[in-house]
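Encoded as structure tokens, the structure appears first; notes follow it.
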Amino acid sequence: MTTIRLHNTKTRKREDFTPIDPKNVRIYVCGPTVYDRAHLGNARPVIVFDVLYRLLRHVYGQDHVTYVRNFTDVDDRINETALKRQLAGATGTLEELIASRAHETIEWYHADMDVLGALRPNHEPRATAYVPQMVAMIEGLIARGFAYANQGHVLFRVREYADYGKLSGRSVDDMIAGARVEVAPYKEDPLDFVLWKPSDAETPGWDSPWGRGRPGWHIECSAMAHELLGPHFDIHGGGNDLMFPHHENEIAQSCCAGDKFANVWLHNEMLQVEGKKMSKSLGNFFTVRDLLEQDVPGEVIRFVMLSTHYRKPMDWTQTKRAEAERTLRKWYALAATAEDGAPDSQLLAVLADDLNTAGAIAHLHKLASAGEAEHLRAGLQILGLMDELIPLWVAQAAFDLTDYEAFLSDARVTAMESKDFTHVDRIKTMLTRAGLQVQMSKDGVVLTPTAEFDADKLEALE
RNA sequence: GGCGAGUUGGCGGAGUGGUUACGCAGCGGAUUGCAAAUCCGUGUACAGGAGUUCGAUUCUCCUACUCGCCUCCA
């Protein structure tokens with residue numbers, strides 16, 4: 001059996017992965033807050049952990065992996081949008097408007113991530129559906145002395161948890177020195193973080209022992225992971241910007257509530273634009289949908305994402321996009337000639353070594369140049385770059401080129417006799433400018449659309 | 001300021017204590033009316049310094065630089 005090795009943030013080492021229960025390998029990944037369309041940075045963990053999911057399913061069996069990825073639908077930005085819509089005259093209660101905003105965002109997310117070839121997780125829990133579990137967990141933390149209620153808030157006593165900061169490698173005292181922690185009158189200590197907070201009339205809320213309120217951000221993952229994966233599971237993943245404080249707080253809550261929580265922590269690096277992290281707050285983002293609307297196929301986005309190791313920052317560039325598309329067109333053409341098979345052991349070994357997707361792609365290059373269509377096909381499949389069928393954007397001849405081929409062919413035959421090739425060359429230049437690959441040989445003329453194909457430019461030939 | 005990650009040939013990007021990927025571009029050749037596509041050939045690069053070692057790009061330390069987190073963020 002393939003041994004998977006993973007870089008565990010908790011130990012900062014690459015370790016052999018040993019499941020708690022090989023019959024049920026459990027993984028939790030922090031999903032999006034559903035307040036707006038997903039930007040390209042949001043897609044990185046989805047794709048990275050989708051490859052891990054596929055690999056785990058391959059190694060342990062399709063039915064022996066449970067993958068949970070949440071939707072955070074308790075968030076002030078969702079509330080803001082709903083409130084704006086209500087003020088703009090939208091019908092429905094504020095709660096209904098909030099729910100519909102969350103709902104539409106989830107639909108967008110699904111649509112976008114589906115195109116990227118990401119399998120749906122086994123569970124996609126929404127925070128709003130797990131509030132009772134969160135309340136129960138908070139009550140437990142209070143009973144054990146790790147949390148306290150004050151002025152409608154419930155806070156976690158960070159100093160009661162000795163291992164706090166271990167994951168992200170910081171000490172409680174360092175954080176005080178950083179001095180960016182929020183001081184609030186209801187806190188015993190500035191480091192304490194919110195488990196529950198009160199809601200006003202314009203904010204969604206649930207009844208609780210501490211009055212009407214809503215959960216803090218971190219508790220949902222602890223509660224949902226516990227509910228769906230149990231007190232001890234294998235892998236917890238997410239972007240490395242979540243390492244602190246989100247994951248640190250999750251660990252504190254869950255462990256103090258009596259859970260063992262996750263064995264392995266995986267963090268992907270950030271996506272960059274012009275050397276800076278792509279993020280909403282910097283405003284340097286574009287969405288997955290933006291790219292799809294520019295006719296960048298999902299497989300191309302996925303290929304570019306996978307061509308850099310997940311623990312390194314990655315720049316999205318036009319050059320990579322174009323190169324990826326050319327490579328994929330070639331590979332799909334070859335893969336189409338083969339039947340489904342199993343991925344070769346070398347590919348699996350590379351992939352199993354801390355998800356070396358870039359190495360896997362390099363291996364695919366070798367398979368392709370060696371003409372090993374079946375292994376290439378299986379490799380594309382395990383990387384999620386194709387299913388049973390070649391993607392439509394490659395397989396479909398969107399435009400009938402036979403007339404143009406005949407036109408050029410006739411001109412060429414004439415030119416062969418007259419030895420005057422100026423007319424042929426003029427046609428060829430036009431076809432090339434329209435984004436066609438022109439191939440002329442003894443067997444005739446073949447036109448193949450490239451990524452830059454633009455049918456409008458063919459009109460110049462009429 | 002604290003903590004963390006990183007710095008590989010023209011570009012992208014893996015990896016390794018000694019034989020040094022892979023892709024793109026480039027160059028030379030075959031092929032072609034000319035091209036394209038294809039095929040063949042071609043490049044010892046690992047931020048700087050010190051140390052460990054028979055030997056380091058790979059291990060250790062220091063320096064420089066880049067990025068991230070410490071505030072909502074994937």
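Lettering of chains follows the sequences in order, A, B, ..., and the numbering in each one begins at 1. Only this structure's heavy atoms are used, side chains among them; waters, hydrogens and symmetry mates stay out.
The residue A:Lys366 sits close only to the backbone: its heavy atoms come under 4.0 Å of sugar-phosphate atoms, none of a base.
In this structure, B:rG43 forms no base pair with any nucleotide, since neither Watson-Crick nor G-U wobble geometry is met with both distances under 3.5 Å. B:rC11 is paired with B:rG23 under the criterion used here, namely a Watson-Crick or G-U wobble arrangement in which both key atom distances are under 3.5 Å. Remark: B:rA35 base-pairs with no nucleotide in the shown strands. Criterion, Watson-Crick or G-U wobble with two distances under 3.5 Å.
Of the candidate nucleotides B:rG68, B:rU32, B:rG15, B:rU32 has the atom lying nearest to any side-chain atom of A:Lys442. Among B:rG13, B:rG2, B:rA74, the nucleotide with an atom closest to any side-chain atom of A:Thr308 is B:rG13. Distances from the side chain of A:Ala362 to the nucleotides B:rC70, B:rA21, B:rG68 place B:rA21 closest. For A:Asn356, the listed nucleotide lying nearest its side chain is B:rG15; candidates were B:rG15, B:rA37, B:rA74. Of the listed nucleotides (B:rU7, B:rC70, B:rA36), B:rC70 has the atom at the smallest distance from the side chain of A:Phe244. Out of B:rC67, B:rC3, B:rG33, the shortest distance to the side chain of A:Gln272 is found at B:rC67.
Judged purely by distance below 3.5 Å, without hydrogens or angles, the side chains of A:Thr72 and A:Asp75 never pair a donor atom with an acceptor atom.
Although no hydrogens or angles enter the test, the distance criterion places a donor-acceptor pair under 3.5 Å between the side chain of A:Lys320 and the main chain of A:Asp315.
No option in A:Arg44, A:Arg120, A:Arg302, A:Arg69 other than A:Arg302 meets the salt bridge (Lys or Arg N to Asp or Glu O under 4.0 Å) test with A:Asp50.
For the pair A:Arg77 and A:Tyr35, the distance from NZ or CZ to the six-membered ring centre is under 6.0 Å and the angle to the ring normal is within 45 degrees.
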